[in-house]
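Reviewing the structure listed below.
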Amino acid sequence: MRGLLPPERVRPAQQVLQRALERHGLWCDGEWRLDHLAQTTLINAGADLVKPAKKSNALAEVITRELLDVVTALLDDRKFAAAMDIPQILFTLPNAATWTVPHAVWHLDVPRLPQGGAPGVQIFTFLNTVAPGGGGTLVVAGSHRLLNTGERIASRDVKKRLKREPYFKALMSRDTGDRLRFVQEPGRVGDVEVQVVELCGEPGDVYFVDMRMLHTLAPNTAPVPRMMLTHRYLLEDMRESIYGN
Ligand SMILES: O=C(O)CCC(=O)C(=O)O
Ligand SMILES: [Fe+2]
């Protein structure tokens, strides 16, 4: 949803990150100063830099009534709660010269549950512009429609089972070339259409993601850091199954 969060909620959160980066000389007088950074290809490059900001109340303030209303509707008016007190910072320094769809780190944050349906909704939003290639999270649209078997399946076993399908075997194999095709064209698993979607956007935009969707981190080929926030909302009656076992 474009522009769901008002600037007066987003700006203080953005500033909290900028202040943390200012202490490292990376943000100065309203501009990025990244020239002196050593080149890196670490997948979570710079994540430590914003750690001092992670308990800031400004991050919590980004969540509005309007956002929670959307989560409520998506979860059919059932009771849910946030998995953490404060949204989590997703931060990546520029860390790649060419952009690709990674073969690794694809995962689910919660297992598949016997109850079926969405166990919760994960929101993603942006504290600066995240352009294509700029490190936005990658999500396999349609993957929530697969493996709804009525069993509990841990994330790594979901991956193992998905890899039996040619689409996911190719996606998660280091030997697959031509990897841009995963974002450029849909694939098919049985009668389910799947496609990798890059979460790009502007401050205030929000993505709502079914927590059954396979996702991973992306390389950041932009000249600026990737600054996103995520928050996870879990259905009350699923929490025990998620954390039990
Ligand atoms: O850093 C990212 O873009 C992905 C992080 C992730 O897996 C998550 O927020 O659940
Ligand atoms: Fe995740």
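Read the numbers this way: they start at 1 and go in the same order the structure lists the ligands and their atoms. Here, residue 1 is the first one in the sequence, and each next residue gets the next number. Keep in mind that what you see is a predicted model, and the values were worked out from it rather than measured.
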Open item on the list: To 10 degrees, how wide is the angle NE2 (His107) to the Fe ion (ligand 2) to OD1 (Asp109)?
Closed with: 90°
Task: Main-chain N/O of Val105 paired to Thr216 side chain as donor or acceptor, under 3.5 Å - done: yes
TODO: Considering heavy atoms of the protein only, find what lies nearest to atom 3 (O) of ligand 1 and give residue, atom and distance to 0.1 Å.
DONE: Thr137 OG1, 2.5 Å
Task: Contact partition for Met228 relative to ligand 1, non-hydrogen atoms under 4.0 Å - done: neither
TODO: Measure the distance from atom 10 (O) of ligand 1 to every protein heavy atom, then report the residue, atom name and distance (to 0.1 Å) of the closest one.
DONE: Asp109 OD2, 2.8 Å
Open item on the list: If the cut-off is 4.0 Å to any non-hydrogen atom of His215, which atoms of ligand 1 fall inside it?
Closed with: 6 (C), 7 (O), 8 (C), 10 (O)
Task: Salt-bridge contact Arg212-Asp210 (side-chain N to carboxylate O under 4.0 Å) - done: yes
Task: Close approach, Gln88 and ligand 1, non-hydrogen under 4.0 angstrom - done: no
Open item on the list: I need the nearest protein heavy-atom contact for atom 5 (C) of ligand 1: residue, atom name and distance, please.
Closed with: Leu90 CD2, 3.8 Å
Task: Ligand-residue contact atoms, ligand 1 with Gln122, heavy atoms, under 4.0 Å - done: 8 (C), 9 (O), 10 (O)
Open item on the list: Checking contacts here: is it the side chain or the backbone of Arg226 that comes within 4.0 Å of ligand 1, counting heavy atoms only? Could be both or neither.
Closed with: side chain
Task: Nearest heavy-atom neighbours spanning His231 and Ala82 - done: NE2-CB, 3.5 Å
Open item on the list: Need the ligand 1 atom indices (1-based, order shown) with element for anything under 4.0 Å from a heavy-atom of Thr230.
Closed with: 9 (O)
Open item on the list: Under 3.5 Å, is there a donor on one side chain and an acceptor on the other for Thr129 and Glu202?
Closed with: yes
Task: Sole candidate of Asp109, Leu138, Val140 that passes side-chain contact (heavy atoms from CB on, under 4.5 Å) when paired with His215 - done: Asp109
Open item on the list: If the threshold is 4.0 Å, N to carboxylate O, is there a salt bridge linking Arg161 and Asp157?
Closed with: no
- [ ] Following the transitive rule for hydrophobic clusters with a side-chain heavy-atom cut-off under 4.5 Å over Ile, Leu, Val, Met, Phe, Trp and Tyr, establish whether Leu75 and Leu67 coincide in one cluster.
- [x] yes
